[in-house]
Structure formats: structure tokens, C-alpha cells
There are 2 protein chains.
Amino acid sequence: MGTSLHESETQALASCAAAYPADLTILLHAATNRVTIYLDHAAAEMGLNDARDWLVLSALEDGQQRTQLELSRVVCVDKTTLITVLDRLERQELIVRTVDPSDRRVRIPQITDAGRRVFATFATARDAAEARALDGVSKADREVLMRLLGRIATDTDTLATTA
Amino acid sequence: MGTSLHESETQALASCAAAYPADLTILLHAATNRVTIYLDHAAAEMGLNDARDWLVLSALEDGQQRTQLELSRVVCVDKTTLITVLDRLERQELIVRTVDPSDRRVRIPQITDAGRRVFATFATARDAAEARALDGVSKADREVLMRLLGRIATDTDTLATTA
DNA sequence: CTCGGATCGTCTGGACTCGGATGATTGTGT
DNA sequence: ACACAATCATCCGAGTCCAGACGATCCGAG
């Protein structure tokens with residue numbers, strides 16, 4: 001499934017970043033696309049469909065009981081789209097959908113042992129990639145990066161001006 | 001066209017960032033989504049369909065003559081998808097497709113004066129948003145952010161390990 | 001108890017994306 | 001001059017996304 005696209009996208013992104021090196025917006029997109037491509041590739045290598053599949057697994061990994069709707073909010077995936085992800089993960093026996101006996105409307109997706117293993121291997125692969133991407137970067141600089149990204153991600157003022 | 005979705009996405013992103021504050025991958029996604037939502041909103045306000053519409057305009061703004069295929073590579077938009085963007089921009093008279101007399105296969109999209117005006121107003125809105133998002137951040141920290149993002153975006157080693 | 005509104009998961013229809021096919025045009029070898 | 005591969009824009013089809021509709025279930029008011 002679509003493994004040959006990585007090559008061309010990689011090239012395209014390279015020229016992208018080269019063309020607009022000073023623009024925060026473009027840089028954000030380019031950096032995100034880059035890690036997305038890598039993560040999708042890593043996910044495909046271990047039988048997952050997407051980096052999003054792993055994201056869902058990671059949200060389930062803490063064992064906390066969550067409704068599908070709650071889960072969709074946590075991982076920022078549309079509730080409709082989440083269904084297809086859960087269907088796929090369930091078919092691969094990485095999760096199971098349990099029914100809450102106290103409320104038969106809701107389904108509680110829960111990670112299986114197999115799912116936990118896939119999550120763990122993916123997580124180490126991702127951590128290695130992150131470490132490599134930031135290799136040689138000082139602790140202080142990393143902290144700056146994370147802090148500013150977090151600020152951009154959660155800054156409500158940026159959006160408030162449009163209202 | 002889909003203006004009501006901004007609200008819900010914003011909420012979702014907020015919880016997203018809160019749930020995984022230490023993960024570079026998640027932070028990148030959350031930050032990018034945030035600025036994308038803002039830019040899409042700003043684009044819609046001035047009659048554009050997308051932030052991507054503006055991205056295409058920005059690539060045409062330097063007046064350099066580019067083939068559609070070249071353009072698609074510069075802005076990281078699939079050549080097929082670019083067609084629909086150009087069709088829309090042409091319908092709005094923000095660009096024109098000219099034919100290269102020396103090679104009648106190619107179309108050279110060129111920005112019009114109206115397109116230049118839309119680009120300029122959007123650019124100032126974006127710059128203001130970026131300035132607000134980084135308000136109070138020291139020059140040195142900004143430089144760190146841009147440099148590391150650029151490095152992540154262009155780092156070839158990260159992908160090379162998958163081959 | 002029962003009715004009505006709220007909330008869950010799922011389904012559906014229309015729009016978008018993108019790999020590959022197609023047609024037009026180019027240049028190159030002979 | 002002519003065949004033929006290469007390259008451009010465009011079209012098409014399979015896959016995906018998501019807002020809204022829907023049935024099932026819960027809960028509070030009467």
C-alpha cells in the first residue's frame with residue numbers, strides 16, 4: 001500500500017523547506033510532514049495502517065477506560081473516522097471493544113497484550129528517530145523547542161482574534 | 001463552507017496538547033493543526049478556499065515563470081490537486097494561465113493584480129498572527145525554534161534509516 | 001410507568017486526495 | 001520526413017474524510 005510515495009514526498013518537502021526557510025508556518029508544515037512520513041512508514045513496517053493507528057493505541061495504553069467519543073477527543077480524530085481505525089485494530093486483535101454493563105450504549109475499547117507489544121516497539125522506534133533528529137542539540141535548546149511548540153499549540157489568543 | 005468546524009477542532013486540539021505535553025511528535029502535530037486552522041479561517045475570510053490557495057499565490061508572487069509541475073513541487077501540492085486550486089484561483093481572477101509560446105504543452109500560471117492584493121492582505125494577517133503567537137519570546141529563542149524546525153524538516157538521516 | 005430529550009455508536013452522501021491512465025506536444029535518432 | 005520515447009496538463013477511479021442522519025439506549029419529569 002503506497003510505499004513508493006515516500007520517495008517523491010521526501011523530495012518535495014526538501015525543496016519546500018529550501019524555498020521558504022524563514023517562514024514559521026511553512027517550517028511547521030514541513031517538519032510535521034517529515035515526521036509524519038517517517039512515522040507512517042514505521043507504522044506500515046509493523047503492520048499498522050497509519051501513525052494514527054499508533055496514536056490511538058498510545059491513548060489506550062494507559063488502561064484508562066474511555067468511551068469511543070472521549071477517545072476521539074483525546075487523540076483529535078473524528079469520531080466517524082475513529083470507527084474505521086478501531087475496526088481495523090480490532091480485526092488485528094490489538095484491541096477489543098467491551099461493553100460497559102452500566103451503560104449499554106457505550107463501547108469501551110481496550111488494548112490487548114498484542115496491542116501493547118506493537119505499541120512498545122513502535123514507541124521505541126519513534127523515540128530513536130526523535131533522538132536522532134535532535135542529536136547534538138543541547139538540552140536547553142530542546143526545552144525551548146518543546147516550550148514554544150506547546151505554546152503555539154495551546155495559545156488561545158491566536159484564534160480569539162478571529163471572533 | 002465548513003466554518004462551524006473550527007470550534008470543535010479547536011477544542012479537540014486543546015485537549016490533545018494537554019494530554020501529551022512531552023512528546024515532540026504530538027506537539028508538532030498540535031502546533032501545526034493550530035496554525036492551519038487559523039490560516040484556513042483567515043483565508044476563508046478573504047474569499048480564499050484554503051490556506052493552500054494562499055500558499056500557491058505566495059509561490060507565484062515572485063513573478064518567476066513556473067510550469068504547473070514545477071509549481072506543484074515548490075509548494076508541496078500534488079500536481080492533480082494543484083489543478084483544482086488553479087482552476088478556482090483562475091475563476092476568481094487571482095491568476096491567469098498563460099501558454100508558453102516556445103512549448104505549447106506547458107501552462108504558466110501568473111498572479112494578477114487582484115491576486116497580489118489578496119496575497120498581501122493575507123500575508124500581513126499571517127505575520128500579525130505569528131508575531132502574536134511569539135510575543136514576548138526572545139530573539140534567541142525564536143532563532144532556536146526556527147533552526148530546529150528547519151533541521152527536522154530537512155534532516156535526511158531520519159528517513160534514511162528506513163531504507 | 002412512560003414519554004421526550006439527550007447521548008452513545010454507526011451509517012450514509014457528498015467532497016476531497018492522489019496514483020495511474022490519457023491525449024497533446026516536444027525533441028531525438030535515423 | 002518519420003517513428004518513438006519523454007514530458008506536459010488533465011481526467012478518472014479507488015480510497016478517505018467528515019457533517020449530518022439514524023437507531024439504540026439512558027435519564028429525568030410528570
Side-chain angles (χ1 to χ4, degrees), chain A residues 1-13 33 36-37 40 43-44 48-53 55-56 65-91 95-110, chain B residues 1-13 33 36-37 40 43-44 48-53 55-56 65-91 95-110:
Chain A
M1 43 183 94
T3 49
S4 63
L5 96 168
H6 294 302
E7 201 99 15
S8 59
E9 282 195 18
T10 302
Q11 265 186 325
L13 284 169
N33 283 348
T36 299
I37 290 172
D40 281 350
L48 293 178
N49 190 67
D50 236 16
R52 221 182 23 198
D53 283 18
L55 184 64
V56 171
Q65 308 243 330
R66 271 189 261 261
T67 292
Q68 290 189 192
L69 199 59
E70 289 168 351
L71 183 59
S72 80
R73 278 194 279 260
V74 168
V75 297
C76 300
V77 172
D78 183 85
K79 68 184 163 67
T80 309
T81 306
L82 180 63
I83 290 178
T84 69
V85 175
L86 292 178
D87 285 347
R88 184 169 43 237
L89 292 176
E90 196 171 35
R91 221 177 303 124
I95 67 152
V96 288
R97 279 186 175 96
T98 64
V99 270
D100 183 349
S102 72
D103 185 347
R104 283 184 301 177
R105 287 173 304 176
V106 308
R107 302 281 177 275
I108 310 284
Q110 285 186 308
Chain B
M1 45 183 90
T3 48
S4 63
L5 94 168
H6 294 302
E7 200 99 14
S8 60
E9 283 195 16
T10 302
Q11 264 186 325
L13 283 168
N33 283 348
T36 299
I37 290 171
D40 281 350
L48 294 178
N49 190 68
D50 236 19
R52 220 182 26 196
D53 283 18
L55 184 63
V56 171
Q65 307 243 331
R66 270 189 263 259
T67 293
Q68 289 189 192
L69 198 59
E70 290 168 350
L71 184 60
S72 80
R73 279 193 278 259
V74 168
V75 297
C76 300
V77 172
D78 183 84
K79 67 186 162 63
T80 309
T81 307
L82 180 63
I83 290 178
T84 68
V85 175
L86 292 177
D87 284 348
R88 183 168 45 237
L89 292 176
E90 197 171 35
R91 218 177 305 124
I95 66 152
V96 288
R97 279 186 175 98
T98 64
V99 270
D100 183 349
S102 74
D103 185 346
R104 283 184 301 176
R105 286 173 305 180
V106 307
R107 301 282 176 277
I108 309 285
Q110 285 186 307

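This one's a predicted model, so the numbers in the text were calculated from it and none came from an experiment.
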Round to the nearest Å and state the distance from B:Arg73 atom CZ to D:dT7 atom P.
10 Å
Identify whether any heavy atom of B:Thr67 sits under 4.0 Å from a base atom; if not, whether one sits that close to sugar-phosphate; answer base, sugar-phosphate or nothing.
sugar-phosphate
A:Lys79 versus A:Leu69, closest heavy-atom pair with distance:
CD-CD1, 3.6 Å
If you go through the side-chain atoms of B:Thr80, does one of them form a donor-acceptor pair with the base of D:dC11 closer than 3.5 Å?
yes
Sugar-phosphate, base or nothing in reach of A:Leu69, heavy atoms under 4.0 Å:
sugar-phosphate
B:Gln68 and B:Arg97: side chain donor to acceptor below 3.5 Å
yes
Phosphate-side-chain proximity, B:Arg105 and C:dT22, N/O vs OP1/OP2 below 4.0 Å
no
Do any N or O atoms from the side chain of B:Glu90 and from the backbone of B:Asp87 form a donor-acceptor pair under 3.5 angstrom?
no
Using a distance-only criterion (donor-acceptor N/O pair, under 3.5 Å, no hydrogens), is the base of D:dT25 paired with the side chain of A:Arg104?
no
Does A:Arg97 put a side-chain nitrogen or oxygen below 4.0 Å from OP1 or OP2 of C:dT10?
yes
Distance-minimising heavy-atom pair for A:Ala51 and A:Ala43:
N-CB, 4.0 Å
Phosphate-side-chain proximity, B:Arg107 and D:dT7, N/O vs OP1/OP2 below 4.0 Å
no
